[in-house]
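FYI, side chains are in, hydrogens and waters are out, and symmetry mates aren't considered; it's all heavy atoms of this structure. Counting convention: from 1, in listed order, for ligands and their atoms alike.
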Amino acid sequence: MEQYIIKGGNPLVGEVEIGGAKNAALAILATAIMSDETVTIENLPDVCDINVMLDAIAGIGGKVDRIDAHTVKINGSMICDLSVDYEYIKKIRASYYLLGALLGKYKRAEVALPGGCDIGSRPIDLHLKGFRALGANVDIRYGLISANAERLRGTHIYLDKVSVGATINIMMAAAMAEGKTTIENAAKEPHVVDVANCLNSMGANIRGAGTDVIRISGVERLHKTEYSIIPDQIEAGTFMFAAAATRGDVTVKNVIPKHLEATTAKLLEIGCEIEELDDAVRVVASKPLHHTQVTTLPYPGFPTDMQPQMSVLLGIAEGTSTVTESIFENRFKYVDELARMGASIKVESNIAIVTGAEKYTGARVSAPDLRAGAALVIAGLAAEGITVVDDIYYIERGYEEFDRKLALLGAQIERVSTEKEILKFKLKVS
Ligand code: UD1
């Protein structure tokens, strides 16, 4: 099993290029099958979750041509199977986007029902409520969701809770429904806008994405496009927090600074300096960090996908901070691992009370999920001594060449898979 081994203590310094947004890409790959013409997608992140999604598309008969690591051509004209297997859903929940895409295009789809996951129970009732409102019959039987409709008809849908997945899934189905659909209390995340922009470039008629009311006029067919995915705000935020935790000076390049506002606001609050450029943000952490309060919220609030990284940073900031998780109920699983590195964090219900320690000390820890795994790597980079992070396949689901990018910033980190390699690394850095 692969691990990261890290010798902490080096401030990260330099520039890092951010890749395409994984969460936007997963949905955009699903939209690509909605046309019978070839859709070219650029700035695709080369991470495991994307490869699973491409396999799922190929699995239903879509033609997938990987032009290079970051470009793919998809042709959905030969889709022969409207049923997406549990094999894919259990690896990435987001393969449920194929439900909205297939239902919109063929008015019929069957997708295995996703189970719970590492960060908590993840219902999809709002997705199904939306499909039903569009006129589909939706059944759950034998572990499968099957949705079918003679015709999908535009309608008015109010989402009881802001949900990125439900907003995107309903938007995809409604893009090819008859008439007008309004989604109220829609998610406003940058990737919702990116999916709407991609669909519009394929001939859809979607207005208002990025606000809480999205208006969609259905079209009969979608055509080819060439579309480039937006930069990944969470990858960018992770590097910004790594810079802050190591008292470094890092410029994250190829980002949309507006998408990072919640992250930059918190870094400013705890004592970092931030310089915003057109498509880059520089983080300088030369002074001691101090405590703050953070609550995760839907965009433009502080992203839940940055919550573990935030706690890691506050764990070595002066004073007592609180981190409130308001989106997912089980997102503090990394706390016990972090405690092994010297953190003082107490979780009460959905609030972590973080008392800043002077420093972390290296230990062997396990990544409990994708973002928490990245957060433990940040702790390792800031820690005194050697940290080994196990179960890094979680991290590799969403970060492309994480170790290489960190090493280019001066981190002492290697991806290893044997005790011998661990020993070699220890000898090299001692
Ligand atoms: C997406 C992101 C994930 C991020 C999350 C919140 C992808 C692939 N994943 O997940 O990284 O952490 O947004 O920004 O883009 N809910 C319901 N019923 C539903 C759907 C959601 O109750 O039908 C609840 C969820 O349990 C959660 C909240 O709504 O409490 C928000 O979830 P949602 O925005 O749907 O998250 P995902 O789209 O699954």
Side-chain angles (χ1 to χ4, degrees), residues 20-31 45 47-50 52-53 56 88-89 91-101 111 113-133 138 140 145 147 157-173 183 185-196 212 229-230 232-235 237-238 259 262-263 295-310 324-333 350 369-375 394-395 397-399:
K22 170 188 78 87
N23 287 347
L26 288 167
I28 285 173
L29 289 174
T31 65
V47 295
C48 299
D49 276 12
I50 295 298
V52 176
M53 189 61 157
Y88 305 110
I89 282 283
K91 289 188 190 148
I92 50 159
R93 294 174 53 79
S95 33
Y96 62 36
Y97 284 137
L98 291 169
L99 191 57
V111 172
L113 184 69
C117 84
D118 313 305
I119 56 175
S121 148
R122 312 239 336 234
I124 59 160
D125 54 311
L126 297 171
H127 305 229
L128 306 188
K129 171 179 155 174
F131 297 148
R132 287 191 179 109
V138 182
I140 301 181
I145 309 163
I157 298 163
Y158 173 81
L159 295 179
D160 306 288
K161 202 167 176 183
V162 177
S163 159
V164 174
T167 303
I168 292 178
N169 232 342
I170 296 166
M171 190 166 78
M172 289 196 291
I183 307 175
N185 200 27
K188 297 184 279 221
E189 266 70 1
H191 46 293
V192 173
V193 181
D194 210 33
V195 178
D212 44 24
I229 289 164
I230 52 164
D232 196 310
Q233 68 183 106
I234 306 300
E235 186 194 12
T238 302
H259 295 171
T263 306
T295 301
T296 63
L297 286 169
Y299 187 85
F302 189 85
T304 173
D305 286 356
M306 285 297 299
Q307 180 262 101
Q309 301 90 313
M310 184 84 232
T324 306
E325 173 55 61
S326 78
I327 315 269
F328 295 113
E329 81 265 22
N330 196 11
R331 221 170 180 175
F332 287 122
K333 282 209 287 191
N350 65 335
D369 61 66
L370 165 60
R371 305 303 172 186
Y394 280 119
I395 303 174
R397 289 182 57 174
Y399 290 89

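- The residue from K161, E189, R331, M53 that puts a heavy atom closest to atom 29 (O) of ligand 1 is K161.
- In this structure, N350 contributes its side chain and E325 its backbone to a donor-acceptor pair below 3.5 Å.
- For ligand 1, the atoms lying closer than 4.0 Å to a non-hydrogen atom of I124 are 19 (C), 23 (O).
- Using a distance-only test at 3.5 Å, with no hydrogens or angles considered, a donor-acceptor pair links the side chain of S326 to the main chain of T296.
- The protein heavy-atom contact nearest to atom 38 (O) of ligand 1 is G165 N, 2.8 Å.
- Scanning all protein heavy atoms for the shortest distance to atom 11 (O) of ligand 1 gives D305 OD2, 2.6 Å.
- Around atom 16 (N) of ligand 1, the closest heavy atom drawn from P123, A24, G130 belongs to P123.
- Within ligand 1, counting atoms from 1 as listed, the ones closer than 4.0 Å to a heavy atom of V164 are 13 (O), 33 (P), 34 (O), 35 (O), 38 (O).
- Of the residues V111, N169, I145, I140, the one that meets the side-chain contact (heavy atoms from CB on, under 4.5 Å) test with I124 is I145.
- Closest to atom 9 (N) of ligand 1, if we only count protein heavy atoms, is N23 ND2, 3.5 Å.
- At least one side-chain heavy atom of Y158 sits less than 4.5 Å from a side-chain heavy atom of D160.
- Within the 4.0 Å heavy-atom criterion, both parts of H127, backbone and side chain, lie near ligand 1.
- The protein non-hydrogen atom at the shortest distance from atom 23 (O) of ligand 1 is L126 N, 2.7 Å.
- In this structure, R93 has no heavy atom closer than 4.0 Å to ligand 1.
- Under a 4.0 angstrom heavy-atom cut-off, P303 registers as lying outside contact with ligand 1.
- Heavy-atom contacts of T304 reach the following atoms of ligand 1: 6 (C), 12 (O), 14 (O) (cutoff under 4.0 Å).
- Q307 contributes a side-chain N or O that, together with a main-chain N or O of R331, makes up a donor-acceptor pair within less than 3.5 Å.
- Nearest to atom 18 (N) of ligand 1 by heavy-atom distance, out of T296, D125, D160, is D125.
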Evaluate side-chain contact (heavy atoms from CB on, under 4.5 Å) for I234 paired with N23, printing each intermediate quantity in order. CA-CA 10 Å; I234 306 300; N23 287 347; 5.6 Å; no
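- Although no hydrogens or angles enter the test, the distance criterion places a donor-acceptor pair under 3.5 Å between the side chain of D232 and the main chain of K22.
- If you check each of I234, I327, L26 against atom 28 (C) of ligand 1, the one with the closest non-hydrogen atom is I327.
- By the 4.5 Å heavy-atom criterion applied to side chains, K129 and V138 are not counted as neighbours.
- In terms of protein heavy atoms, atom 35 (O) of ligand 1 is closest to S163 OG, 2.6 Å.
- Considering only heavy atoms from C-beta on, H127 stays 4.5 Å or farther from L99 through its side chain.
- For V162, the closest heavy-atom approach to ligand 1 falls below 4.0 Å.
- Counting protein heavy atoms only, atom 25 (C) of ligand 1 is closest to F328 CE2, 4.1 Å.
- Scanning Q307, E329, R122 for the heavy atom closest to atom 37 (P) of ligand 1 points to R122.
- Considering only heavy atoms from C-beta on, K188 stays 4.5 Å or farther from V192 through its side chain.
- R132 and D125 are not joined by a salt bridge, as no carboxylate oxygen comes within less than 4.0 angstrom of a charged side-chain nitrogen.
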